[in-house]
Amino acid sequence: MRKSWRSPFWNVVLCLVMSVMALTSTASTIGCFEHPGGWWAGIGFALMTGLLVVGAVRALFVGVSAGPQGITVRGVTKTTRITWSEISQITLGGLNSAAAGGAGASAPVVTRMRPGKPDQRVELKELGSYGMSSGPSLAERAVADLNDCLEAWRESSRTAEHPDAPQRRS
């Protein structure tokens, strides 16, 4: 059972694109500081360069991992953690975003239970797939493995609640 899913090719592509953008922003920063009164624009470009460098580094680690407490989703701009106890189901679903959704992309979808609120649909876009490869896609494999992890957690939490109950043998 796999515990971590990434798309290394696309992670590297995203890193390279953000690196080129950072280099371009660096050149603009230097150009602004060479002109009188260009300090404010130079400071803005310098801040943008810093954000792009951080994004390029984070792009290499975009992905989803499953651990003892739940699922960690690492994106370029934020990291989200979803505990196993919050998850009601994990399915393969279509993406809602305009371009990817319109092109038929699918990704694992986690249904997150929130007490007193409607369930939240969390799309794991980091594992999105167009299903154009032969065999199961990354998204399909991740759904199967994440469901195995969820079931293992549920089984272990049942065992922890009732330590004297007879164990099911596989």
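The structure places CD of Glu86 at 12.5 Å from OG1 of Thr111, a figure rounded to the nearest 0.5 Å. In this structure, SG on Cys15 lies 9.0 Å from CG on Asn11, to the nearest 0.5 angstrom. Here NZ of Lys3 is found 10.5 Å from OG of Ser65. Values are rounded to the nearest 0.5 Å.
Contact check for Trp5 versus Leu124: no side-chain heavy atoms found under the 4.5 Å cut-off. Within the 4.5 Å cutoff, no side-chain heavy atoms of Thr26 are placed close to those of Leu52. Between Leu51 and Met48 there is no side-chain heavy-atom pair separated by less than 4.5 Å. For the pair Pro108 and Thr91, the minimum side-chain heavy-atom distance is 4.5 Å or more.
A salt bridge (charged side-chain N to carboxylate O under 4.0 Å, His left out) check over residues 65-83, counting only residues at least two apart or in different chains, returns nothing. Residue pairs meeting the salt bridge (charged side-chain N to carboxylate O under 4.0 Å, His left out) criterion with at least one member in residues 7-35: none, sequence neighbours excluded. Applying the side chain to side chain donor-acceptor pair (under 3.5 Å) rule to pairs touching residues 55-64 yields Arg58-Thr79, sequence neighbours excluded. Each ring-ring contact (aromatic ring centres under 6.0 Å, His included) pair with one or both residues in residues 11-53, not counting sequence neighbours, appears once here: Phe33-Trp39. Pairs engaging residues 14-25 under the side chain to side chain donor-acceptor pair (under 3.5 Å) rule: Ser25-Thr49 [sequence neighbours left out].
Minimum interatomic distance between Ala41 and Cys32 (heavy atoms only, all atoms of both residues): CB-SG, 3.7 Å. Considering all non-hydrogen atoms of both residues, Ala66 and Trp84 come closest at CB-CZ2, 3.9 Å. Nearest heavy-atom pair, Ser106 versus Leu92, reported as atom, atom and distance to 0.1 Å: OG-CD1, 4.0 Å.
Legend: residues meeting salt bridge (charged side-chain N to carboxylate O under 4.0 Å, His left out) with Arg154, ordered by chain and number and at least two apart, are absent. Ser85 meets the side chain to side chain donor-acceptor pair (under 3.5 Å) test with Thr83; sequence neighbours excluded. Residues forming a side-chain contact (heavy atoms from CB on, under 4.5 Å) with Leu14 (at least two apart in sequence, or on another chain): Met18, Ala59, Val76. Taking Glu126 as the reference, nothing meets the salt bridge (charged side-chain N to carboxylate O under 4.0 Å, His left out) condition, with sequence neighbours excluded. Residues satisfying the side-chain contact (heavy atoms from CB on, under 4.5 Å) test with Gln120, not counting sequence neighbours, are Arg112, Arg114, Val122.
Val62 and Val109 fall into different hydrophobic clusters, where Ile, Leu, Val, Met, Phe, Trp and Tyr side chains are chained together by heavy-atom contacts under 4.5 Å. Tracing side-chain contacts under 4.5 Å through hydrophobic residues (I, L, V, M, F, W, Y), one reaches Val73 starting from Leu146; they form part of the same cluster. One hydrophobic cluster, built from ILVMFWY side chains closer than 4.5 Å, holds both Leu150 and Ile71. Leu138 and Ile90 fall within the same hydrophobic cluster, where Ile, Leu, Val, Met, Phe, Trp and Tyr residues are linked whenever their side-chain heavy atoms come under 4.5 Å apart, directly or through other members.
Here the side chain of Glu140 pairs a donor or acceptor atom with the backbone of Ser137 at under 3.5 angstrom.
Hydrophobic cluster of Leu60: the remaining members, joined at side-chain heavy-atom separations below 4.5 Å, are Val12, Leu16, Val57, Phe61, listed by chain and number. Here Met113 sits alone; no ILVMFWY side chain lies under 4.5 Å from its own, so it joins no hydrophobic cluster.
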